[in-house]
Amino acid sequence: MPDALARLDATAQAEIVRRGEASPRDLVDAAIARIERLNPQLNAVIHPRFEAARAEADRLAHGSDAPFHGVPLLVKDFLCHLEGEPIHLGTRFLRDAGFVAPHDAYLTRKLKAAGFVVLGRTNTPELGTLPTTEPDAYGATHNPWKLGHSTGGSSGGSAASVAAGFTPVAHANDGGGSIRIPASACGVVGLKPSRGRTSLGPDVGDGMGGLVAEGVVSRSVRDTASVLDAIAGAMPGDPYTAPPPLRPYRLEPGAWPGRLRVGMLTRPPCNIGTVHPEARRAVAQAARLLADAGHTVEESHPDALDEMPMPQHFSVMYCTSTARLLDAFGELLGRTLGPDDVDPLNWAMAETGRAMSAPMYLATVDWLQGWTRRMATWWTSGFDLLLTPTLPEPPPAHGTFAPAADNPLVAGARAQMYAAFTSPFNLSGQPAISLPLHWTDDGLPLGVQLVGAYGREDLLLRVAGQLEAAAPWADRWPALVA
């Protein structure tokens with residue numbers, strides 16, 4: 001029988017604590033019971049901290065003004081680290097070293113200040129590279145909608161946890177689609193904020209040259225908005241920050257966005273790969289909902305999305321960052337990491353990155369800055385939003401992205417096609433949200449993506465709220481659910 005608390009979003013859970021109908025400990029104990037019952041089948045939570053969470057919940061029992069007082073949360077095993085807790089980034093070398101974080105991340109502090117109680121860490125692919133969560137170090141996370149299928153990545157453990165009802169919200173981050181891809185694959189909400197909206201500090205300035213953004217996956221637009229209020233804003237030493245919103249994000253869902261002009265793209269940028277008919281159906285359905293809400297939807301997209309150097313420059317950013325990440329962890333562990341420490345794809349990417357010169361990297365930075373300006377001109381020309389599939393196909397079976405030892409870059413190319421609709425907006429730094437508006441005939445979720453101009457999370461949240469009201473998903477749950 002489903003646990004009634006599991007059916008409440010984070011906002012509703014916090015409200016029953018405020019009304020005295022449940023305590024933080026009640027919420028935490030119920031969430032732990034859900035995880036203990038179903039995680040053996042899903043393998044989504046890999047580092048539980050249940051006793052510490054119970055103690056923290058007990059200390060919160062007397063109430064507070066925090067917006068999510070006592071609400072349980074899971075955090076991804078990539079960034080958002082907790083002092084003294086494991087942080088392994090899906091790697092065997094950090095797992096085998098027993099590595100723990102020396103301090104809290106800024107984001108961790110903000111989530112705690114918002115009242116969340118962290119129950120543990122969720123599974124992620126090695127170094128967050130692949131768009132599926134099947135690391136050698138911890139094994140595959142299963143999609144609760146269909147076991148044996150991918151949850152997406154790299155926040156796949158978090159998305160599976162939210163989809164199955166472990167917690168109403170889970171931490172996620174995104175360097176090429178890693179919030180939106182698993183949100184699509186697991187049927188939850190995933191917003192990638194604008195570049196600089198959330199801090200990566202104190203250990204990271206602009207992850208992967210500005211491609212990485214911190215956020216969450218959730219089951220409701222209002223939760224996504226309210227959590228963004230809690231985690232947004234500059235912290236000491238951040239290299240830059242996004243412009244602050246005019247008012248709290250929690251006020252945006254349900255607010256009238258005006259009548260908008262929405263462009264629609266249903267083929268991959270640069271024609272990389274193909275699009276499954278189900279993905280096209282998902283976009284067509286979303287377009288009808290937008291039109292019914294009074295918006296104008298037309299086939300249009302930024303010309304810059306089809307500039308062929310774009311995928312090449314994305315690869316430069318990823319390969320050089322992978323090389324640096326392995327060097328940095330080698331320095332931390334006091335040894336040089338080698339090909340036996342990582343999977344074949346990450347090693348091939350690191351070796352490719354090491355072969356790239358500093359002028360080549362800076363040429364990519366220059367090109368991307370110009371390309372970002374060319375992208376922005378489409379939004380300033382009169383369009384408000386861009387509608388696309390989040391993914392070009394439904395969640396595939398496990399093993400689809402497994403890198404072969406003799407030619408691992410084939411898996412990388414397959415992954416790049418899978419992320420064709422998401423990765424460009426990491427390069428441009430724009431906010432983008434995946435919404436669970438479509439399921440295939442065999443019951444697999446397939447999200448749609450809305451992209452806004454830089455800094456316009458407010459508009460995305462207003463329209464997302466409209467779509468959630470028009471085609472509610474709150475009562476849609478997978479077969480494997482708490």
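Excluded from the calculations below are hydrogen atoms, water molecules and symmetry mates; all remaining heavy atoms, backbone and side chain alike, are included. If you're wondering where the values come from, they're calculated on a predicted model, not measured in any experiment.
- Once rounded to the nearest 0.5 Å, the distance linking CG of D77 with CD1 of I46 reads 4.5 Å.
- Side chains of T390 and S184: no donor on one and acceptor on the other come within 3.5 Å.
- With values rounded to the nearest 0.5 angstrom, E214 atom CD is found 6.0 Å from T198 atom OG1.
- Side-chain atoms of T124 come within 3.5 Å of backbone atoms of S154 as a donor-acceptor pair (strictly under, hydrogens ignored).
- Ring to ring, H47 and Y138 are close: their centroids are under 6.0 angstrom apart.
- Each of T108, T122, L82 was checked for a side chain to side chain contact (heavy atoms under 4.5 Å, CB included) with V75, and the lone residue meeting it is L82.
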- [ ] Show your reasoning for whether salt bridge (Lys or Arg N to Asp or Glu O under 4.0 Å) applies to R121 and E85.
- [x] CA-CA 9 Å; R121 302 188 74 84; E85 299 283 347; over 6 Å; no
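- A side-chain donor-acceptor contact under 3.5 Å links S194 to the backbone of G455.
- A donor and an acceptor atom, one from each side chain of D9 and S220, are located under 3.5 Å apart.
- A distance-only check finds a donor-acceptor pair linking the side chain of W145 to the backbone of C186 [under 3.5 Å].
- Remark: side-chain polar atoms of R219 are paired, donor with acceptor, to backbone N or O of A474 under 3.5 angstrom.
- The CG atom of D229 sits 9.0 Å away from the CD atom of E252 when rounded to the nearest 0.5 Å.
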TODO: Start with the C-alpha gap between E331 and R324, add the side-chain angles, then the distance that decides, and say whether salt bridge (Lys or Arg N to Asp or Glu O under 4.0 Å) holds.
DONE: CA-CA 10 Å; E331 294 161 9; R324 173 57 194 143; 3.2 Å; yes
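- For the residue pair T133/N123, the side-chain donor-acceptor check at 3.5 Å is not satisfied.
- Panel note: side chain N426, backbone D174; a donor-acceptor pair is recorded below 3.5 Å.
- R54 places a side-chain heavy atom less than 4.5 Å from the side chain of I32.
- With hydrogens and angles ignored, the 3.5 Å screen pairs a side-chain donor or acceptor of T422 with a backbone N or O of G176.
- Looking at H142 and Q41, their side chains never bring a donor and an acceptor atom within 3.5 Å of each other.
- Looking at E393, its side chain never comes within 3.5 Å of a backbone N or O of Y418 through a donor-acceptor pair.
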Open item on the list: Apply side chain to side chain donor-acceptor pair (under 3.5 Å) to residues D26 and S23 and explain how you reach the verdict.
Closed with: CA-CA 5 Å; D26 292 334; S23 69; 3.2 Å; yes
- [ ] Could you go through the side-chain contact (heavy atoms from CB on, under 4.5 Å) check for L191 and V189 one step at a time?
- [x] CA-CA 7 Å; L191 170 70; V189 179; 5.6 Å; no
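- Look at R25 and D58 and you find a salt bridge, because one of the NZ, NE, NH1 or NH2 atoms lies within 4.0 Å of a carboxylate O, short of that distance.
- The backbone N or O of H149 sits less than 3.5 Å from a side-chain atom of H398, completing a donor-acceptor pair.
- Considering CG of L107 and CE of M235, their distance stands at 9.5 Å, rounded to 0.5 Å.
- The backbone N or O of E83 sits less than 3.5 Å from a side-chain atom of D104, completing a donor-acceptor pair.
- Judged purely by atom type and a 3.5 angstrom limit, S158 uses its side chain to pair as donor or acceptor with the backbone of H171.
- Between the side chains of K76 and N173, a donor-acceptor pair is found at a separation under 3.5 Å.
- The distance from atom OG1 of T224 to atom OH of Y249, rounded to the nearest 0.5 Å, is 13.0 Å.
- The closest side-chain heavy-atom distance from P245 to D458 is not below 4.5 Å.
- When T167, D3, D29 are each tested for a side-chain hydrogen bond (donor to acceptor under 3.5 Å, both in side chains) with R34, only one passes: D3.
- Interatomic distance, CG of N346 versus OG1 of T129, reported as 3.5 Å (0.5 Å rounding).
- Of all non-hydrogen atoms in C80 and A105, the two that sit nearest each other are CA-CB, 3.9 Å.
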